[in-house]
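Below is one structure, written out as structure tokens; comments come after it.
The chains referred to below are lettered A, B, ... by the order of the sequence lines, with proteins before strands, and numbering in each begins at 1. Computed from a predicted model, the values in this text were never measured in an experiment.
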Number of protein chains: 2
Amino acid sequence: MTEQHEAPGGVSGRALQKDIPQATVARLATYLRVLATLADDGVAIVSSEELAVAAGVNSAKLRKDLSFLGPNGVRGVGYDVAKLRSRIEDVLGLSQGHRVVLVGAGNLGRALVGYGGFQRRGFTVVGMFDSHPEVIGLQVAGLVVRDVVGLADAVTVLKPTIAVIAVPDDAAQAVCDCLVGSGLQSILSFAPCELTVPDGVEVRRVDLAVEMQMLSFDASRNAPPLPEVSRAASGRIAHRAYSALKHSATSHSATEPSSKGSVVTP
Amino acid sequence: MTEQHEAPGGVSGRALQKDIPQATVARLATYLRVLATLADDGVAIVSSEELAVAAGVNSAKLRKDLSFLGPNGVRGVGYDVAKLRSRIEDVLGLSQGHRVVLVGAGNLGRALVGYGGFQRRGFTVVGMFDSHPEVIGLQVAGLVVRDVVGLADAVTVLKPTIAVIAVPDDAAQAVCDCLVGSGLQSILSFAPCELTVPDGVEVRRVDLAVEMQMLSFDASRNAPPLPEVSRAASGRIAHRAYSALKHSATSHSATEPSSKGSVVTP
DNA sequence: ATCTGTGAATGCGTTCACAGCG
DNA sequence: CGCTGTGAACGCATTCACAGAT
């Protein structure tokens, strides 16, 4: 789980005004997604049990989580989907939306702007930046990639509330410093390195490799008697042998993590 | 963070042969990254304190974490970087490497194959799949994107140990079923939806929007009165940041989250 | 009768502080 | 001495079980 509490020289004094456990906050986001789906399906009322199942948690936990937001349901009945949804959005601070700047217009950066879940949940990317001349000026998802040199100025103008760092690790700290220097206080970083920031700045880090390694651990623990995977220079798989097998792989409408080949129009 | 424990009808019987807390496993991956950096810098011995600082945790926690792997250090001295590194790799099951299939060759998929942290940590992508005709056949990072229709067959041939799902959410469950049907037991999904799998299959889910929403919560909690992005360009580190940004990315070797303009050669 | 909301109990992970080895 | 390894104390999160509302 993502740590981010260090309080080096004593706690930062600030008393928590609303103390909702971090673990709960993380799940609220999940509930929100499920509620959105339910709303789309025209469901008006859900019980804790139904919601819990859909979200993949147990119902007691869900009720406890929701209880931190005050009373939200009706006993004997359940929760009003629309009402609960906007309550959670409110608590998470999503109601008035967020302006996001994205630094790093590589594949990851482009995947993020295209990520449907962003727009839909109130995050609007208002600026994209990169340091590579061949990327600067390109248009990605309706935004022109700007030179990172102008980042600080842009931040003071655009007044984003959140920044996303999707640059190589050796550039991450510099970008971070620049953002912090411009007054930004919420940063999501995909660079696999620690970022040093002053107190009061919140950094969340997502390390894709960590997830893979956790899978690796479970895999090797669950299947110890099969170390049969000897690395034999698993060369290019130039196989072109399509084989039969119909089903699977549909291509409906919605596009979340973008499987669609995407459009980097110059 | 990521839950994945549900044990519906009673625990799966299997007694944990090595019970290392999940939280510890997650951090081991981080330590590994730091150790790699130290090794590159020629450091041979580290104290728990040094390692802890570099990894962003407190030293007691680090020592406790490492104690789960048995004795790894020398009292009064510290830890042998190389030795500890390979010990952790061993415990995480990374020693003999992993073959990975990646389903979904959109921006996210492409970002993942390009992600330097993968190769470097023993994950080799052996196959990429997509369902869009305009993507199939393209070459990405040295791999030809294949039709997802051939996924099941490919899995039985390639015998990957891990699959990564980077497709839109409405296709995710079908892909997942296909993978599971082919015998895969470790799946990392980026689709923002629950995946139903039989017992014995491990699914980890990364929802990028959840991280953003947690940031949003913290942001709104720390600045409840006004969305006022106070101080303008409060110089300070700004200069250093600027000059560092100029050289970024190009100089060093490593390229982690790929900010590099990205090359989808047809 | 039904389903929410919540104190109380349990379990897990973190932190402390020191014993023990080099 | 210095630093690791670890039992014990602590605090946070999950689960239980029931009181309370409709």
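Checking C/dG5, D/dA13, D/dT6 against every side-chain atom of A/R63, the shortest atom distance belongs to C/dG5. Here the nucleotide nearest the side chain of A/K61, chosen from C/dC16, D/dT14, D/dA13, is D/dT14. The listed nucleotides are D/dT14, C/dT14, D/dT6; the one nearest the side chain of B/A23 is C/dT14. Here the nucleotide nearest the side chain of A/Y79, chosen from C/dT15, C/dG5, D/dT4, is C/dG5. Taking only side-chain atoms of A/S47, from C-beta outward, the nucleotide of C/dG13, C/dT4, D/dT15 with the closest atom is C/dT4.
Within the 4.0 Å cut-off from OP1 or OP2 of D/dT15, at least one side-chain nitrogen or oxygen of A/N58 is found. For D/dT14, one of the phosphate oxygens OP1 or OP2 lies less than 4.0 angstrom from a side-chain nitrogen or oxygen of A/R27. An OP1 or OP2 oxygen of D/dC3 is reached within less than 4.0 angstrom by no side-chain nitrogen or oxygen of B/S48.
Below 30°, between 30° and 60°, or above 60°: for B/F118 and B/F123 the angle between ring planes is between 30° and 60°, a tilted geometry.
For A/R75 and C/dG5, a side-chain-to-base donor-acceptor distance below 3.5 Å is absent, hydrogens and geometry of angles not being considered.
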Item checked: From CA spacing to verdict: side-chain contact (heavy atoms from CB on, under 4.5 Å), A/I20, B/R221 -> CA-CA 11 Å; A/I20 300 179; B/R221 203 196 42 170; over 6 Å; no
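Between the C1' atom of D/dG5 and the CG atom of B/L62 lies a distance of 12 Å, rounded to the nearest Å. Here the P atom of nucleotide D/dT15 and the NZ atom of A/K64 are 12 Å apart, to the nearest Å. Between the CG atom of B/L84 and the P atom of D/dT4 there is a distance of 11 Å, given to the nearest Å. The distance from atom CD1 of A/I20 to atom P of D/dC12 is 15 Å, rounded to the nearest whole Å. Here the C1' atom of nucleotide C/dG5 and the CZ atom of A/R87 are 15 Å apart, to the nearest Å. Atom pair A/E49:CD and C/dG5:P shows a separation of 15 Å (rounding to whole Å applied). As rounded to whole Å, 17 Å separates atom P of C/dG13 from atom CD of A/Q22. In this structure, A/F68 atom CZ and C/dT6 atom C1' are separated by 10 Å, rounded to whole Å.
Formation of a donor-acceptor pair under 3.5 Å by the B/S59 side chain with backbone atoms of B/S48 is not found in this model.
Where B/V74 and A/A60 meet DNA chain D, the nucleotide closest to each residue was compared, and B/V74 sits on the side nearer the 5' end.
Contact between B/H98 and B/L94 at its shortest, heavy atoms only, is CD2-CD2, 4.3 Å.
By the 4.0 Å N-to-carboxylate-O rule, B/R121 lies too far from B/E89 to be salt-bridged with it.
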